[in-house]
Amino acid sequence: MKIAILPGDGIGTEIVAEAVKVLKVLDLPFEMETAPVGGAAYEAAGHPLPDSTLALAKAADAVLFGAVGDWKYDTLERRLRPEQAILGLRKELGLFANFRPAICYPELTHASSLKPELVAGLDILIIRELTGDIYFGQPRGRRTAVDGHFPGSEEAFDTMRYSRPEIERIAHVAFQAARKRNRKVTSVDKANVLETFQFWKDVVTEVHAQYPDVELEHMYVDNAAMQLVKAPKKFDVVVTGNMFGDILSDEAAMLTGSIGMLPSASLNAANQGLYEPSHGSAPDIAGKGIANPLATILSAAMMLKFSLNQPEAAARIEAAVQSVLSQGLRTADIYSEGTRKVSTREMGDAVVAALTGATMTKTIKG
Ligand code: NAD
């Protein structure tokens, strides 16, 4: 098994180093190879996704990605900006299914802006279709309006579209994921207004016939946005299109209040995947050694589960993360009174210690 390690920019290098440390102590038969991506690759090779990095990602079973971006690249032409690397990898690897779990650890319920009883024990999974919808639909552009409310004026337009195979494959992914969880799928649409999402609803309903053991409910996106903050624990798996998923997955992430804890995965039809924390490169804290590495470490656990067929190793990492939280160790972003503040490296060391059974006397002592 081969893992491409793409640390990227900002805190990306710091948090990926901790995840690599954790992967190494598992003593599993995989090979890891590192390559630059994003701003780091632009500096080194003049492009955010150099051919050599793309070739490595394509040849690997999985990609562990840190984060890309820095405000200093905001003036570059669009195709050279660090964020283009993620879009390029999604396209080249055919990553159509984005998994964003939102889990609220009992120790961190205080970090949520919702009442603790609403989020304690929260464990939901948002599955977002990643390669279609209005973000990629053609035609798009600017032109002079020939009709509408203001004919003859300048206008801009995009095209929302989904084909049957695109909806079918993401629906299968959602039903299969639900089978490994609480067997409930909520398909989010806007079928009352949009033709594209009436079609989405019809196709998801058809695919559901193959999964009689999984409950399916349909929900309009506006209602889903409300229910996520009113009663988020009612959900299990939520499946939706690219644009609604973009918005709802960020909303769900915020339910937990701790962006530094949230992993993500983007998979293709062959279960090859790109695994990354849900947050960005955090240039404001880069180089300070205070970033939370747990989202990246948990992304590595998702990688072991989904792409490398090592569910036991994934469960060991998840248990180790739970254990360091129970021990009261916190990076600055999740720190609260009565807990012990640790650095990025100390947090990684503590996860390694929890995995290997070693004691972290120096770190844990208050
Ligand atoms: P961000 O997620 O990088 O940071 C938002 C806030 O959360 C900051 O205050 C940051 O310090 C904090 N934060 C993020 N991750 C943290 C962690 N692990 N531990 C502790 N605190 C953490 O979002 P932003 O500031 O809007 O974007 C910064 C850069 O990241 C931009 O260039 C943006 O384009 C890029 N970005 C990249 C990705 C990606 O690589 N997938 C995703 C989002 C943003």
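One-based numbering, in listed order, for ligands and for the atoms of each. Please read all numbers here as calculations on a predicted model, not as lab measurements.
- Taking only non-hydrogen atoms, the option from Ala85, Pro82, Ala282 nearest to atom 12 (C) of ligand 1 is Ala282.
- Less than 4.0 angstrom separates some heavy atom of Ala291 from each of these atoms of ligand 1: 19 (N).
- Scanning all heavy atoms of the two residues, the minimum distance from Asp61 to Met1 falls at OD2-CA, 3.2 Å.
- When heavy-atom distances to ligand 1 are checked against a 4.0 Å cut-off, Ile15 has no atom that comes that close, whether in backbone or side chain.
- Heavy atoms from other residues, nucleotides or ligands lying under 6.0 Å from CD of Gln138 number more than 12.
- Comparing Arg81, Glu83, Lys72 by heavy-atom distance to atom 33 (C) of ligand 1, the nearest is Glu83.
- Protein heavy atoms come within 4.0 Å of atom 30 (O) of ligand 1.
- The presence of a protein heavy atom under 4.0 Å from atom 9 (O) of ligand 1 is confirmed.
- The backbone and the side chain of Val68 each have at least one atom closer than 4.0 Å to an atom of ligand 1 (non-hydrogen atoms only).
- For atom 6 (C) of ligand 1, no protein non-hydrogen atom is found at a distance below 4.0 Å.
- Among the atoms of Phe65, none of the N or O lies under 3.5 angstrom from an N or O of ligand 1.
- When non-hydrogen atoms are compared, ligand 1 lies under 4.0 Å from the side chain of Ile285 (C-beta onward) but not from its backbone.
- A tilted orientation is assigned to the rings of Trp200 and Tyr162, their planes being inclined by 30° to 60°.
- Here Pro283 has side-chain heavy atoms under 4.0 Å from ligand 1, and that is the only part of it that gets that close.
- Residue, atom and distance of the protein heavy atom nearest to atom 39 (C) of ligand 1 are Ile86 CD1, 3.4 Å.
- Counting heavy atoms of neighbouring residues, nucleotides and ligands inside a 6.0 Å radius, atom CG of Asp27 does not exceed 12 of them.
- Residue Arg90 qualifies as enclosed at atom CZ: its count of foreign heavy atoms under 6.0 Å is above 12.
- Listed by number with element, the atoms of ligand 1 under 4.0 angstrom from any heavy atom of Ala67 are 40 (O).
- Minimum heavy-atom separation, Ile103 to Leu262: N-CD2, 4.2 Å.
- Under a 4.0 Å heavy-atom criterion, Ala295 is not in contact with ligand 1.
- In Ile290, neither the side chain nor the backbone holds a heavy atom less than 4.0 Å from any atom of ligand 1.
- When the options Met261, Met347, His279 are ranked by their closest heavy atom to atom 14 (C) of ligand 1, first place goes to His279.
- Protein non-hydrogen atoms do reach within 4.0 Å of atom 42 (C) of ligand 1.
- For ligand 1, the polar-atom distance check finds no N/O of Ser278 at less than 3.5 Å from any of the ligand's N/O atoms.
- Ion pairing between a basic and an acidic side chain is recognised when a charged N comes within 4.0 Å of a carboxylate O; Lys58 and Glu92 show such pairing.
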For Phe175 and His208, what are the C-alpha separation, side-chain angles and deciding distance, and is it a ring-ring contact (aromatic ring centres under 6.0 Å, His included)? CA-CA 8 Å; Phe175 289 122; His208 178 232; 5.3 Å; yes
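- The closest heavy-atom contact to atom 19 (N) of ligand 1, among the options Leu6, Val37, Asn292, comes from Asn292.
- Val237 and Phe244 end up in the same hydrophobic cluster when Ile, Leu, Val, Met, Phe, Trp and Tyr side chains are linked at under 4.5 Å.
- Other residues, nucleotides and ligands contribute over 12 non-hydrogen atoms within 6.0 Å of the CZ atom of Arg181.
- Heavy-atom proximity to Gly69, at under 4.0 Å, picks out these atoms of ligand 1: 32 (O).
- The protein heavy atom nearest to atom 16 (C) of ligand 1 is Ile11 CD1, 3.9 Å.
- Ranking protein heavy atoms by distance to atom 25 (O) of ligand 1, first place goes to Trp71 CZ2, 4.2 Å.
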ring-ring contact (aromatic ring centres under 6.0 Å, His included) between Phe306 and Phe99: does it pass, once the steps are laid out? CA-CA 10 Å; Phe306 291 118; Phe99 284 53; 5.0 Å; yes
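- Salt-bridge annotation for Glu206 and Lys201: absent, with no side-chain N of the basic residue lying under 4.0 Å from a carboxylate O of the acidic one.
- Note: an N/O pair closer than 3.5 Å links Glu276 and ligand 1 by distance alone.
- With hydrogens and angles ignored, the 3.5 Å screen pairs a side-chain donor or acceptor of Asn242 with a backbone N or O of Leu130.
- Inside a 4.0 Å radius of atom 27 (O) of ligand 1 there is not any protein heavy atom.
- For CG of Asn271, the number of neighbouring non-hydrogen atoms (other residues, nucleotides, ligands) closer than 6.0 Å is greater than 12.
- Annotation: atom 1 (P) of ligand 1 to nearest protein heavy atom, Gly280 N, 3.6 Å.
- Residue Asp51 qualifies as open at atom CG: its count of foreign heavy atoms under 6.0 Å is 12 or below.
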